[in-house]
Amino acid sequence: MRRILLKWQQLILSLGCLILIVSCQNSYSATNSSVLTVATDPTFIPFEIKNAEGNLEGFDIDLMNAIAKAVKLTVKFESLPFDGMISTLQAKKVDAAISGITITPERRQTVDFSRPYFKAGLAITVRADNQDIQDIKTLQGRKIAVQIGSTGADFAKTIPNAEIRTFNSGPDFFQDLLNGNVDAAISDAFATIYAINNGKLKGLKVVTNLLTEEYYGIATPKNSPHLDVINQGIAKILANGTYKQIYRQWFNTEPPNLPESAPHS
Ligand code: GLN
């Protein structure tokens with residue numbers, strides 16, 4: 001009888017241990033959450049925008065969801081103004097940011113970037129009837145609109161005697177350009193050309209070829225535990241054709257080859 005009781009005690013004890021191990025594992029996976037909080041500023045057509053129903057859509061949104069799916073994560077997007085994105089990442093308030101963010105040496109000092117996921121560049125935009133502004137030279141001494149904290153804003157600072165007006169987002173400064181308050185805007189070419197071609201920016205045109213060659217990356221806080229897995233996701237969707245499919249869907253053309261790391265940054 002005593003022996004049977006002892007056996008029972010042992011069984012209950014080992015069962016208890018098993019339950020403890022399983023629940024420990026569960027709480028481990030709960031703290032290593034599979035949900036990635038990703039910041040974006042949905043004012044950058046066609047990369048991130050809010051549709052009529054108030055839902056996020058765009059190239060970056062599809063891309064981020066595809067990357068997450070490839071590495072079995074889920075994404076929770078958080079809307080944030082572009083200008084505050086880098087400091088929010090620095091404060092580790094979000095896990096990552098995707099918002100057409102150009103990989104630059106300055107930004108690299110405070111955040112980390114994934115491998116490049118989009119080849120981009122800056123362009124000059126003027127009113128459709130403007131014949132005087134053709135290039136950087138003819139921009140000298142003009143009123144130029146830029147988005148605060150953008151690579152376009154940095155570029156504008158290098159133009160002699162330019163009078164720079166800063167705005168919070170693209171739609172604002174294009175309106176000012178249309179109203180005649182500024183002579184030109186310097187902004188991301190792809191986003192601007194897309195908006196003009198899709199009738200969202202009537203009365204404007206892009207002049208000259210690209211002013212710069214830039215690459216967008218997904219930004220994370222420095223030494224983020226998520227960066228490796230994000231890079232694995234990008235590699236997967238580049239290899240399995242998903243990247244190409246999303247690119248074609250938004251830009252109606254074949255994507256260019258992407259370098260594994262951004263040149264000059
Ligand atoms: N690519 C530009 C930058 O990083 C602008 C991006 C944006 O407006 N969302 O500064």
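Read the numbers this way: they start at 1 and go in the same order the structure lists the ligands and their atoms.
- Between S150 and ligand 1, no pair of N/O atoms sits closer than 3.5 Å.
- The shortest side-chain heavy-atom distance between L178 and L204 falls under the 4.5 Å cut-off.
- For E163 and R142, the salt-bridge test fails: no basic side-chain N is under 4.0 Å from an acidic carboxylate O.
- Of the N or O atoms in R107, one or more lie within a sub-3.5 Å distance of an N or O in ligand 1.
- Ring orientation note: the planes of F118 and F47 are nearly perpendicular, at an angle over 60° on the 30°/60° scale.
- Among protein heavy atoms, atom 8 (O) of ligand 1 sits closest to Q147 OE1, 2.9 Å.
- The environment of CG in N161 is sparse: at most 12 heavy-atom neighbours from other residues, nucleotides or ligands sit within 6.0 Å.
- For atom 6 (C) of ligand 1, the closest non-hydrogen atom on the protein side is G100 O, 3.2 Å.
- Atom OH of Y247 and atom CG of D62 lie 14.5 Å apart (nearest 0.5 Å).
- Under 4.0 Å from ligand 1, the heavy atoms of D188 that appear belong solely to its side chain.
- Distances from ligand 1 to the non-hydrogen atoms of D41 include no value under 4.0 Å.
- Inclusion of S99 in the set of residues having an N or O under 3.5 Å from an N or O of ligand 1 is warranted.
- We find the CD1-OH distance between I246 and Y117 to be 11.5 Å, quoted to the nearest 0.5 Å.
- Geometrically, ligand 1 and F44 share no nitrogen or oxygen pair separated by less than 3.5 Å.
- Heavy atoms of Y216 found under 4.0 angstrom from ligand 1 belong exclusively to the side chain.
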